[in-house]
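Here is the structure we will look at, set down as structure tokens.
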Amino acid sequence: MLYFSFMKIQLIGSTNNMVKLKYMESFSRACARVCYSGKSFKEIVEEEATPNLLKDLKQRGHHSVFEHTTLNFEFEGLPKIMAMIFNNEKDYATSEKSARYTVMKYMKLEQKELYDKWMELLVSEIDKVYPTISDSDKRNTAIGKLAQENARYMTSVFTPTKMVHTLKLRQLNHLIHEFENFVKNHKDGKDELKKRLVPYMDEFLKQVEKFKVDKLRNQTDRHLSLFGEDKKTDPHFRDTYSVTYPLSFAGLAQAHRHRTINYQIIGGTELGSPLGFFVPKIVPKDLRAEWIADLNKVAEDDFPQAQLLKVYERGTVEDFRSKMILRVCGHAQYEIMENTLGIAREYAEHNESVKRQLDEQCAQAFSGKNPCVWCPRDSLEGRIV
């Protein structure tokens with residue numbers, strides 16, 4: 001049964017404004033001919049199509065030519081967890097509605113009540129510690145956005161969102177193939193999170209059926225990358241690194257912005273949140289038991305965004321340093337700032353280049369046009385929201 005039933009997928013643009021699959025396939029075939037023809041692309045396109053070439057490309061596994069066509073989709077009513085699945089794949093571009101900068105809607109009634117309750121409580125708490133700035137309206141707006149960012153932890157990871165997502169024709173067909181397998185493997189399974197994903201994947205498959213290319217299936221050992229097997233490995237910090245840590249659904253969604261780094265959920269997805277919940281430091285000590293109690297209510301039959309997961313992360317030192325520039329910063333969402341800083345301090349014990357970059361970005365001349373109200377003293381050590 002769908003959590004919300006109004007998921008809508010619409011193609012809003014594509015390479016050369018091609019909207020029909022036959023034109024996409026024709027374009028891919030022309031790209032393939034460039035490899036062995038001395039003619040210009042314009043001449044190739046204007047020629048009569050080579051018989052059976054398209055069929056041969058599919059059968060022989062020469063699928064890279066189908067990557068020349070990109071498709072821009074608008075997803076509406078997409079569950080947050082589905083957005084996370086898309087955003088964990090390579091490669092893509094995405095622009096997603098922010099739960100930090102916009103008020104969340106379309107929640108279950110009981111979750112909406114908790115969201116509103118904690119919005120009010122958190123505004124009051126943040127107001128006590130937020131820096132004084134000359135423009136009171138801007139200050140109040142900023143406080144409200146921080147409250148939104150934290151109150152959304154009370155909401156389900158199946159709460160609908162919207163985004164524009166761009167990917168290749170080949171990648172779309174790989175996802176179609178993997179979604180088909182996922183539906184077959186989990187529709188009657190015992191994993192409640194995956195079982196609840198099945199109707200959304202079914203709906204996605206129905207709406208993108210017209211872009212399905214026969215035989216353009218995943219030929220690799222790469223499957224849906226968000227979910228993995230539990231790994232009992234020690235942290236590794238050299239030119240490449242790997243580390244396992246607890247992170248909430250909401251925190252992992254933020255981490256997906258760093259697309260060159262690999263993330264997998266390897267534990268903690270059961271109902272009841274067996275690994276516990278993320279508790280923002282802005283929640284006062286005398287209210288923390290209430291925060292956890294409210295989340296336990298949600299977790300009885302749902303998956304709150306505060307639910308802690310066991311996350312496995314791996315990448316290169318260069319990619320991690322790029323992540324540090326954006327996340328070891330007072331502008332960043334607090335949970336991922338704290339998480340990145342903790343990993344960086346451990347990495348710095350093994351790598352001098354990471355150690356040199358431990359200062360917040362404003363101290364490294366990386367800062368953007370928007371000044372950070374926490375800088376320089378409180379952006380890392382003193383900031384709690």
Side-chain angles (χ1 to χ4, degrees), residues 1-11 21 24-25 55 57-61 63 66-67 71 73 75-92 94 156-161 163 165 167-231 249 252-253 256 262-272 301-303 307 309-312:
M1 181 177 179
L2 293 180
Y3 187 98
F4 289 97
S5 59
F6 53 86
M7 190 164 75
K8 179 182 178 184
I9 302 167
Q10 181 179 358
L11 184 70
L21 183 60
M24 297 177 190
E25 290 186 315
K55 181 179 178 181
L57 291 169
K58 296 174 189 175
Q59 288 182 337
R60 294 180 182 179
H63 294 171
F66 295 94
E67 294 180 356
L71 300 95
F73 287 102
F75 295 158
E76 294 183 88
L78 185 76
K80 179 66 179 177
I81 183 64
M82 281 284 284
M84 292 172 67
I85 289 172
F86 283 109
N87 292 340
N88 205 58
E89 298 300 324
K90 311 291 190 298
D91 68 311
Y92 67 90
T94 200
S156 171
V157 77
F158 283 87
T159 302
T161 185
M163 69 179 184
H165 194 77
L167 72 172
K168 310 288 179 60
L169 179 62
R170 182 189 192 184
Q171 176 74 352
L172 173 61
N173 276 268
H174 282 195
L175 287 174
I176 289 171
H177 180 202
E178 291 305 323
F179 280 16
E180 289 172 341
N181 289 336
F182 191 98
V183 169
K184 181 175 64 177
N185 293 334
H186 297 291
K187 63 181 178 180
D188 299 316
K190 295 181 180 180
D191 188 316
E192 188 62 28
L193 179 71
K194 292 179 179 177
K195 190 194 289 191
R196 292 191 190 191
L197 279 165
V198 166
Y200 295 103
M201 290 193 179
D202 254 338
E203 182 61 27
F204 175 83
L205 290 170
K206 290 173 187 173
Q207 294 197 39
V208 300
E209 174 68 25
K210 58 189 173 185
F211 302 109
K212 184 176 180 179
V213 179
D214 183 44
K215 292 189 172 63
L216 192 61
R217 303 171 72 81
N218 184 7
Q219 297 176 309
T220 71
D221 195 33
R222 258 189 59 200
H223 305 293
L224 290 182
S225 59
L226 185 62
F227 303 107
E229 299 296 324
D230 197 354
K231 297 173 176 62
F249 277 113
L252 180 55
H256 282 152
N262 295 297
Y263 303 94
Q264 279 190 320
I265 300 171
I266 59 174
T269 58
E270 298 87 352
L271 277 174
D301 62 359
D302 210 336
F303 301 89
Q307 179 164 339
L309 310 165
K310 187 177 181 182
V311 173
Y312 177 63

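- The distance between the ring centers of Phe73 and Phe211 falls below 6.0 angstrom.
- At least one donor-acceptor pair closer than 3.5 Å links the side chain of Asn88 to the backbone N or O of Tyr263.
- To the nearest 0.5 Å, atom CZ of residue Phe182 and atom CE of residue Met201 are 4.0 Å apart.
- Closest heavy-atom contact between Met24 and Leu169: CB-CD2, 3.9 Å.
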Would Glu180 and Lys212 satisfy side-chain contact (heavy atoms from CB on, under 4.5 Å), going step by step from the backbone distance to the final call? CA-CA 12 Å; Glu180 289 172 341; Lys212 184 176 180 179; 2.7 Å; yes

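- Between Gln264 and Glu229 the shortest side-chain heavy-atom distance does not fall below 4.5 Å.
- Relative ring orientation between Phe303 and Phe158 is described as tilted, the plane-to-plane angle lying within the 30° to 60° band.
- Aromatic ring centres of Phe179 and Phe204: separated by under 6.0 Å.
- Atom CG of Leu271 sits about 8.5 Å away from atom CG of Leu193, to the nearest 0.5 Å.
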side-chain contact (heavy atoms from CB on, under 4.5 Å) between Lys194 and Leu224, worked out: CA-CA 12 Å; Lys194 292 179 179 177; Leu224 290 182; over 6 Å; no

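- When all heavy atoms are compared, the tightest approach of Thr161 to Ala83 is CG2-CB, 4.2 Å.
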Walk me through whether Glu89 and Ser225 qualify under side chain to side chain donor-acceptor pair (under 3.5 Å). CA-CA 6 Å; Glu89 298 300 324; Ser225 59; 3.1 Å; yes

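- Within 6.0 Å of NZ on Lys90 lie more than 12 heavy atoms contributed by other residues, nucleotides or ligands.
- Closest approach of Gly268 and Leu309 over heavy atoms only: O-CD2, 3.7 Å.
- When all heavy atoms of Asp230 and Lys310 are compared, the closest pair comes out as OD1-NZ, 2.8 Å.
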side-chain contact (heavy atoms from CB on, under 4.5 Å) assessment of Phe227 paired with Asp191: CA-CA 12 Å; Phe227 303 107; Asp191 188 316; over 6 Å; no

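- Gln307 contributes a side-chain N or O that, together with a main-chain N or O of Glu270, makes up a donor-acceptor pair within less than 3.5 Å.
- Atom CD of Gln59 is surrounded by more than 12 heavy atoms from other residues, nucleotides or ligands within 6.0 Å.
- Within a 6.0 Å sphere centred on NZ of Lys8, other residues, nucleotides and ligands contribute 12 heavy atoms or fewer.
- Using a distance-only test at 3.5 Å, with no hydrogens or angles considered, a donor-acceptor pair links the side chain of Tyr92 to the main chain of Asn87.
- Remark: of the listed residues Lys215, Lys58, Arg170, Lys58 is the sole one forming a salt bridge (charged side-chain N to carboxylate O under 4.0 Å, His left out) with Glu25.
- At a threshold of 4.5 Å between non-hydrogen side-chain atoms, the residues His256 and Thr94 do not count as touching.
- Considering CG of Leu175 and CG of Leu205, their distance stands at 10.0 Å, rounded to 0.5 Å.
- With Asn173 contributing its side chain and Val213 its backbone, the two residues share a donor-acceptor pair below 3.5 Å.
- Remark: the backbone N or O of Ile9 is paired with a side-chain donor or acceptor of Gln207 at under 3.5 angstrom.
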Working note: His177 + Leu216, criterion side-chain contact (heavy atoms from CB on, under 4.5 Å); need CA distance, chi angles, decisive distance, verdict. CA-CA 9 Å; His177 180 202; Leu216 192 61; over 6 Å; no

